[in-house]
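Data first, discussion second: the structure below is written as structure tokens.
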Amino acid sequence: MMWEELAVLKDCKITSRGTATFEEVTMRMQRYASILERLVSPEGTFPVFGRSITYRLGVFQPLALLAWKEKLPEGVTNGQARAVMSVCMKRLFANDSIFNSAGFLQLGLPSNHPFWTDKAQNWTSKKAWNGQSIPRDHALKK
């Protein structure tokens, strides 16, 4: 959510908050989103750590936000983002002991947004386990 705060500050012509610029935070969030997308198994599970322990779907807020703002990282398409979040939601809500969360940010996207209209695509882990080519992972580059 720091990204959203910096977006407002940027609109007000304030270029940084502390030492992080809007562009740097954007790059970090995009890198985090690409890692999130890779963490989901072909079965729709993801490691339970960090925010995913408490919020379950809240962990995908950066991925939904980047889809909304049309800033998904290179190598992650709208179809991949929707497919990976959808499979996780189906998996989570099949268990009646799971509560919902702020992980529904993508529902704010209009029905004609590419997130909804692009064809569903396999996400990185599913591609890898099906023997498809995947983009090489990398460290965050400035």
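- Using a 4.0 Å cut-off between charged side-chain N and carboxylate O, Glu23 and Lys10 make a salt bridge.
- A distance of 15.0 Å separates CH2 of Trp3 from CZ of Arg28, quoted to the nearest 0.5 Å.
- Taking CE of Met29 as the start and NZ of Lys71 as the end, the distance is 9.0 Å to the nearest 0.5 Å.
- Criterion: ILVMFWY side-chain heavy atoms under 4.5 Å apart, direct or through other members. Under it, Leu72 and Ile134 are not part of a common hydrophobic cluster.
- Using a 4.5 Å heavy-atom threshold, the side chains of Gln30 and Thr26 count as touching.
- You'll find the side chain of Pro135 reaches within 4.5 Å of the side chain of Arg38, heavy atoms only.
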Open item on the list: Go through it in stages, so that I can follow the logic: the residues are Trp116 and Leu107, the test is side-chain contact (heavy atoms from CB on, under 4.5 Å), and I'd like the CA-CA distance, side-chain angles, deciding distance and then a yes or no.
Closed with: CA-CA 10 Å; Trp116 299 118; Leu107 296 179; 4.1 Å; yes

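- Here the side chains of Met89 and Phe60 are not in contact, with every heavy-atom distance at 4.5 Å or above.
- Shortest non-hydrogen contact noted between Phe46 and Cys88 is CD2-SG, 3.6 Å.
- Across all non-hydrogen atoms, the minimal contact from Val84 to Val87 is O-CG1, 3.2 Å.
- Looking only at side-chain heavy atoms (C-beta outward), Pro42 and Asn130 stay at 4.5 Å or farther from each other.
- Residues passing the side-chain hydrogen bond (donor to acceptor under 3.5 Å, both in side chains) test with Glu74: none are found, sequence neighbours excluded.
- Considering only heavy atoms from C-beta on, Asp11 stays 4.5 Å or farther from Val8 through its side chain.
- Here the shortest heavy-atom pairing between Lys127 and Ser133 reads CD-O, 4.1 Å.
- Rounding to the nearest 0.5 angstrom, the gap separating the CD atom in Gln61 from the CH2 atom in Trp68 is 9.5 Å.
- In this structure, the side chains of Gln106 and Arg82 stay at 4.5 Å or more apart for every pair of heavy atoms.
- Here the straight-line distance linking atom CG of Leu39 with atom OG1 of Thr124 works out to 10.0 Å at 0.5 Å rounding.
- Counting only heavy atoms from C-beta outward, the side chains of Asp118 and Thr77 never approach each other to under 4.5 Å.
- Judged by distance alone, the side chains of Glu43 and Ser41 do bring a donor and an acceptor atom under 3.5 Å apart.
- To the nearest 0.5 Å, the span separating CG on Leu66 from CG on Asn78 amounts to 10.5 Å.
- Between Val76 and Leu63, the closest side-chain pair of non-hydrogen atoms falls below 4.5 Å.
- With values rounded to the nearest 0.5 angstrom, Glu37 atom CD is found 12.0 Å from Lys126 atom NZ.
- Scanning for side-chain hydrogen bond (donor to acceptor under 3.5 Å, both in side chains) contacts around Ser125 gives an empty result, with sequence neighbours left out.
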